[in-house]
Amino acid sequence: MPDPSNAVIAAAFDELGDLYELDGAVIHRVLAYRNAAKAVRDAPTSVSALTREGRVTTVPGIGKTLEEKLRALLETGTIPAAEKLRARFPAGLIEMTRLPGLGPKRARKLFDELGLDSLDALREAAEQQRLRGVKGFGPKFEASVLAAFEAGVAERPAPRLVLHRATELAEAIAEGLRAHPAAVRVELAGGLRRGSDSVKDLDLVAAATDPAALAGALADLDLVESASSAGENAARARTHSGASVDLRVVTPDQFGNLLQHFTGSRQHNVRLRERAVKRGLHVSEYGILDDATGDTLRCATEEEVYARLGLPWIPPELREDRGELDKGFVVPDLIVQDDLKGDLHCHTVASDGRDTAQEMAAGALARGLQYVAITDHSATHGFGNDVSPDALRRQIELVHDLNDRTDGIEVLIGTETNILPDGSPDYDDDLLAQLDWVVGSVHTSFGMSRAEMTRRIVAATEHPWIDCIGHLTGRKIAARAPYDVDVEAVFEAAARTGTMLEINSAPDRRDLNDVHARQAHAAGVRIVINTDAHGVSTQGIARWGVLTARRAGLTAADVANTLPWAQFAPLRKRAAR
DNA sequence: GCCGTTTTCGGCCCGACTGTTTTCAGTCG
């Protein structure tokens, strides 16, 4: 039995938190499990390995009790406490808490008094008006339950918006609001500003000379289908595309407090406020209350908020409670898009791209890059337009010729070769050896076992002509789960063999993700940020890969393709041969 | 259940809204 991954352990702790909450445990005990789950999910090393080494209590939020539970999980594959609680509380009870306004306390009450243990049972009870018989529940709640089912809550959890679409939409709304005469500043907040993979809704904050007037103006935008007031200086809306929008407006002297509060993350704010309380300060979206004086400090900028708490300004991408508020944390000089000198993964009409190698090279040059590798799909890609070995040989000639004719940018010939189920590439070694650069990616047989998939990708890192592994986990944000692979084993192999790992910038991939990129870097792996662009029009998506790298805390020096080609070239595995 | 520039015990962010209450617990962000 393989050791559970950090993701599996985190899910187990989250489940335990839910179960203890239903069991009526004090909330801080429940939160301890959720904190631990998050710490495990974000941990830069294997929590299973730490447990075996007896060092797991070095993970913040894991103490003696959770260590014991981890040991049980490693030795028996399960946690006894979870088994016991599962026997008492059906899974349907946790599902019931998906309904707005129904949390664990009230769900438990319905379970105890009416025996409701599933969404179906809840709906039936609401239809029969039996809920109002329970103290604390009334006709309005029954109506809201039925409305929630009508809206489809039971079938699907609220869909999440992938960041690039959400950003595009939110920027358009922000632009509309900025045109209002009362607007002083309008900014994106929440996960949009932190660069999360996806967001649940669009958070916007604004400063205005007349806050109520600007909040009211949200309803008038063309993009907005319907809007409602959510208090004096706030508005909530739904766009025609179905996204929900939250807007809060204050006067300019409080804008820093508001922006800080609504940028989050929740965990970052909790930690920030806990720190502040120890100094006698209470932080909210309205200001910083000082116990000593009774005064509330209003901040026009975020910098003032952090400064008053004795902290440097922390870039939004790092506000995830991953150590950024620890004593002695030094804010890194995070990478920016302009730091990138090359793109080592793109496609042309030779496979499934839209533009020619010449057009892609010109596009890369126009974006200020100094080198670009043409890496079309390989012979067994399986989605049409496969590049046969002969076609690749012709492509080598073509790109060499193009490079000779092109000034200002190094045009390299490469491939994105399929990693076959046995871990080998689908071109012969002598052909791969003629290329400047080879990305190896998994595009088939996603359903392999974790052990098989890990062996497959580790074997690819050990191949002498594979310079880099593309989109390591194959995930599609909000659409497709990653395939099951022991990423830590791959990081070890990549570091050992000198194989680089890509942060794929496609906005629905961002793979490596932020946590993996941080782990890989810590393991000594060389990271590159690639576009995987399929046309000139999408070469700008490096933005999303850079955002992922920033969330991983990476600087320009931590990303190999910030180097000019002359310095990058010798870092390739093939350069050592 | 965790944790320590006030603590090895007694704390553990902040504010708004909701529906049901007779003064507020639970939920949400």
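Lettering of chains follows the sequences in order, A, B, ..., and the numbering in each one begins at 1.
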(request) Report which part of the nucleic acid A:Leu99 touches: base, sugar-phosphate, or nothing (heavy-atom distance under 4.0 Å, all strands). (result) sugar-phosphate
(request) Using a heavy-atom cut-off of under 4.0 Å over every strand shown, decide if A:Val277 touches base, sugar-phosphate, or nothing. (result) sugar-phosphate
(message) Using a heavy-atom cut-off of 4.0 Å across all strands, would you classify A:Arg29 as base, sugar-phosphate, or nothing?
(response) base
(message) Strictly below 4.0 Å: does A:His282 bring a side-chain N or O up to OP1 or OP2 of B:dC14?
(response) yes
(request) Using the P atoms only, state how far B:dT6 lies from B:dG11, rounded to an integer number of Å. (result) 15 Å
(request) Could you work out the separation of B:dT5 and B:dG1 based on their C1' atoms and round it to a whole Å? (result) 24 Å
(request) Decide, yes or no, whether a salt bridge links A:Glu324 with A:Arg319 under the criterion of side-chain N to carboxylate O below 4.0 Å. (result) no
(request) Identify whether any heavy atom of A:Lys327 sits under 4.0 Å from a base atom; if not, whether one sits that close to sugar-phosphate; answer base, sugar-phosphate or nothing. (result) base
(request) Determine the contact category for A:Ile27: base if any of its heavy atoms lies under 4.0 Å from a base atom, sugar-phosphate if only primed atoms, P, OP1 or OP2 are that close, otherwise nothing. (result) nothing
(message) Taking any heavy-atom pair under 4.0 Å as a contact, classify A:Arg271: base, sugar-phosphate, or nothing.
(response) nothing
(request) Decide if atom CG of A:Asp112 counts as having more than 12 heavy atoms of other residues, nucleotides or ligands within a radius under 6.0 Å. (result) yes
(message) Please check: side-chain N/O of A:Ser48 versus main-chain N/O of A:Pro4, any donor-acceptor pairing under 3.5 Å?
(response) yes
(message) Whole angstroms only, please: what is the NZ-C1' distance between A:Lys109 and B:dT21?
(response) 12 Å
(message) Rounded to whole Å, how long is the line connecting atom NZ of A:Lys105 with atom P of B:dC24?
(response) 17 Å
(message) Heavy atoms from C-beta onward define the side chain here; which of B:dG1, B:dG29, B:dC13 lies closest to that of A:His261?
(response) B:dG29
(request) Between B:dT20 and B:dA16, how far apart are the P atoms? Round to whole Å, please. (result) 22 Å
(message) Go nucleotide by nucleotide along DNA chain B from the 5' end; which of A:Arg106 and A:Glu274 gets its closest nucleotide reached first?
(response) A:Glu274
(message) Suppose we define a pair by two distances each less than 3.5 Å, Watson-Crick or G-U wobble; what does B:dC9 pair with here?
(response) B:dG4
(message) Can you check the distance between B:dC3 and B:dT8, where both ends of the measurement are the C1' atom (answer in whole Å)?
(response) 9 Å
(message) Expressed as a whole number of angstroms, how long is the span from A:Ile288:CD1 to B:dC13:C1'?
(response) 13 Å
(message) What's the gap between B:dA25 and B:dT21 when it is taken at their P atoms, as a whole Å value?
(response) 14 Å
(request) Using atom CD of A:Glu142 as one end and atom C1' of B:dT20 as the other, report the distance to the nearest whole Å. (result) 13 Å
(request) Just compare B:dC13, B:dT27, B:dG15 and give me whichever is closest to any side-chain atom of A:Ser284. (result) B:dG15
(request) Using whole Å, report how far CG of A:Leu66 lies from P of B:dC3. (result) 9 Å
(message) Please determine whether a side-chain nitrogen of the Lys or Arg among A:Asp201 and A:Arg236 lies less than 4.0 Å from a carboxylate oxygen of the Asp or Glu.
(response) no
(message) Which is more 5' along DNA chain B, the nucleotide nearest A:His28 or the one nearest A:Asp246? Just name the residue.
(response) A:His28
(request) Could you tell me the separation between the CZ atom of A:Arg248 and the P atom of B:dG15, rounded to a whole number of Å? (result) 12 Å
(request) Take atom C1' in B:dC28 and the same atom in B:dC13, then report the distance between them in whole Å. (result) 14 Å
(request) In plain terms, say whether A:Arg86 and A:Asp18 are close enough for a salt bridge, that is, a side-chain N and a carboxylate O under 4.0 Å apart. (result) no
(request) Would you mind checking if A:Arg71 and A:Glu68 are paired as a salt bridge, meaning a charged N to carboxylate O distance below 4.0 Å? (result) no
(message) Taking A:Arg475 first and then A:Asp508, would you say they form a salt bridge - that is, a charged N and a carboxylate O separated by under 4.0 Å?
(response) no
(message) How many whole angstroms separate atom CZ of A:Arg275 from atom P of B:dC3?
(response) 17 Å
(request) Among the candidates B:dT20, B:dG1, B:dC13, find the nucleotide nearest to the side-chain atoms of A:Arg273. (result) B:dC13
(message) Without decimals, in angstroms, what is the distance between A:Arg132 CZ and B:dG19 C1'?
(response) 14 Å
(message) Measuring to OP1 and OP2 of B:dC2, would you say a side-chain N or O of A:Thr65 lies under 4.0 angstrom away?
(response) yes
(request) Using a heavy-atom cut-off of under 4.0 Å over every strand shown, decide if A:Val30 touches base, sugar-phosphate, or nothing. (result) nothing
(request) Examine B:dG29: is either OP1 or OP2 under 4.0 Å from a nitrogen or oxygen in the side chain of A:Lys200? Give yes or no. (result) yes
(request) State whether A:Lys69 places a side-chain N or O below 4.0 Å from either non-bridging phosphate oxygen (OP1 or OP2) of B:dG1. (result) yes
(request) Sticking with atom C1', work out how far B:dT18 lies from B:dT23, rounded to a whole angstrom. (result) 15 Å
(request) Ignoring backbone atoms, test whether A:Tyr286 places a side-chain nitrogen or oxygen under 4.0 Å from the OP1 or OP2 oxygen of B:dA16. (result) yes
